[in-house]
Asker: 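Sharing a structure, written as structure tokens. Questions coming.
Values below: all heavy atoms of this structure, side chains included; hydrogens, waters and symmetry mates excluded.
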Amino acid sequence: MFSLLFAILIVPSLLPSTLCVPHGVWETIRPPGTSPPGCIDSYPGPFSFQPVDHPTPGIETHCMKPRTLRAVLQHGVLTDHLGRIGSISLCPDNLIALGPQKQFYGCACGDKECHYDMKIADYCRPIFLKIVLLVEC
């Protein structure tokens with residue numbers, strides 16, 4: 001099963017630990033390990049995600065807007081609306097998994113927050129990526 005290496009994740013060893021640069025992944029890269037039990041590698045509709053400090057029950061539904069990140073998941077391959085790809089699984093607790101891990105790191109990146117699969121700087125905080133369902137409104 002594929003796991004997550006989402007479009008905004010980068011290989012931290014390629015950049016200095018204080019540099020935060022979002023960019024896309026254009027080829028499928030399989031992370032080591034298997035997904036947690038019960039996680040799925042396909043989802044029938046568009047979804048997005050939001051960072052949360054702690055896993056919480058339930059799932060939110062948001063209206064799709066022109067700048068909303070929209071992703072689909074087919075056989076472990078995630079593709080976003082810009083054509084960037086990654087490998088993830090969606091878990092029953094509504095969290096995204098990268099291999100066996102569900103914890104990511106949010107790092108200040110200009111006026112945004114970038115998300116990484118490891119802590120790239122001291123100012124990064126531990127987060128989880130919670131699934132958000134998207135609907136036309």
Asker: What distance do Leu129 atom CG and Asn94 atom CG have between them, rounded to the nearest 0.5 Å?
Answerer: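 Atom-to-atom, Leu129:CG and Asn94:CG are 12.5 Å apart.
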
Asker: For the hydrophobic clusters of this structure (ILVMFWY residues joined by side-chain heavy atoms under 4.5 Å, transitively), does one cluster hold both Ile40 and Ile88?
Answerer: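 Yes.
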
Asker: Are the side chain of Gln101 and the backbone N or O of Asp117 linked by a donor-acceptor pair below 3.5 Å?
Answerer: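 Looks like yes, one N/O pair under 3.5 Å.
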
Asker: Quick one: are the Cys91 and Cys39 sulfurs under 2.5 Å apart?
Answerer: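 Yes.
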
Asker: Would a hydrophobic clustering, with Ile, Leu, Val, Met, Phe, Trp and Tyr connected at side-chain separations under 4.5 Å, put Leu133 with Leu90?
Answerer: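 Hydrophobic grouping puts Leu133 with Leu90.
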
Asker: Quick one: are Thr68 and Leu134 in side-chain contact, heavy atoms under 4.5 Å?
Answerer: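 Result yes, sub-4.5 Å side-chain heavy-atom pair found.
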
Asker: Does the side chain of Gln103 come within less than 4.5 Å of Ile127's, by heavy atoms?
Answerer: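 Contact flag for Ile127/Gln103 side chains = no.
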
Asker: Nearest 0.5 Å, please: how far is OH in Tyr105 from NZ in Lys119?
Answerer: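 Output value for this atom pair is 7.0 Å.
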
Asker: Is any side-chain heavy atom of His81 less than 4.5 Å from a side-chain heavy atom of Val72?
Answerer: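 Sidechains of Val72 and His81: no contact.
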
Asker: Shared ILVMFWY cluster between Leu69 and Phe128, side chains joined below 4.5 angstrom?
Answerer: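 In one cluster: no.
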
Asker: Write down the atom of Pro100, the atom of Pro36, and the distance for their closest heavy-atom approach.
Answerer: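 So the minimum-distance heavy-atom pair works out to O-CG, 3.8 Å.
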
Asker: Look up atom NE2 in His75 and atom OG in Ser42, then write down how far apart they are to the nearest 0.5 Å.
Answerer: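 Answer for the NE2-OG pair, His75 versus Ser42, is 5.0 Å.
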
Asker: Indicate yes or no: at least one non-hydrogen side-chain atom of Glu136 is less than 4.5 angstrom from one of Cys63.
Answerer: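 No; the side chains remain at least 4.5 Å from each other.
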
Asker: About how many Å separate CD1 of Ile96 and CG of Leu78, when rounded to the nearest 0.5 Å?
Answerer: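 These two atoms lie 7.5 Å from each other.
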
Asker: Nearest 0.5 Å please: distance from the CG atom of Leu82 over to the OG1 atom of Thr79.
Answerer: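 Rounded to the nearest 0.5 Å, the CG-OG1 separation comes to 11.5 Å.
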
Asker: Is there a side-chain contact between His115 and Phe49, using heavy atoms and a 4.5 Å cut-off?
Answerer: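 Yes, their side chains come closer than 4.5 Å.
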
Asker: Shortest non-hydrogen contact from Arg70 to Lys65?
Answerer: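 Heavy atoms of Arg70 and Lys65 come nearest at NH1-O, 3.7 Å.
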
Asker: Between Val132 and Thr61, is a side chain to side chain contact (heavy atoms under 4.5 Å, CB included) present by the stated rule, with each step listed?
Answerer: CA-CA 6 Å; Val132 174; Thr61 301; over 6 Å; no

Asker: Could you check whether any side-chain heavy atom of Ile131 comes within less than 4.5 Å of a side-chain heavy atom of Ile59, counting everything from C-beta outward?
Answerer: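 Counting from C-beta outward, Ile131 and Ile59 do come under 4.5 Å.
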
Asker: How long is the straight-line distance from CE of Met118 back to SG of Cys124, given to the nearest 0.5 Å?
Answerer: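 That separation rounds to 11.5 Å.
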
Asker: I want to check something: taking the side chain as every heavy atom from C-beta on, are Cys107 and Glu113 in contact at a cut-off of under 4.5 Å?
Answerer: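 Heavy-atom side-chain distance check fails, nothing below 4.5 Å.
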
Asker: Give the C-alpha distance, both sets of side-chain angles, the deciding distance and a yes or no for side chain to side chain contact (heavy atoms under 4.5 Å, CB included) between Lys130 and Asp93.
Answerer: CA-CA 9 Å; Lys130 187 170 182 178; Asp93 56 2; over 6 Å; no

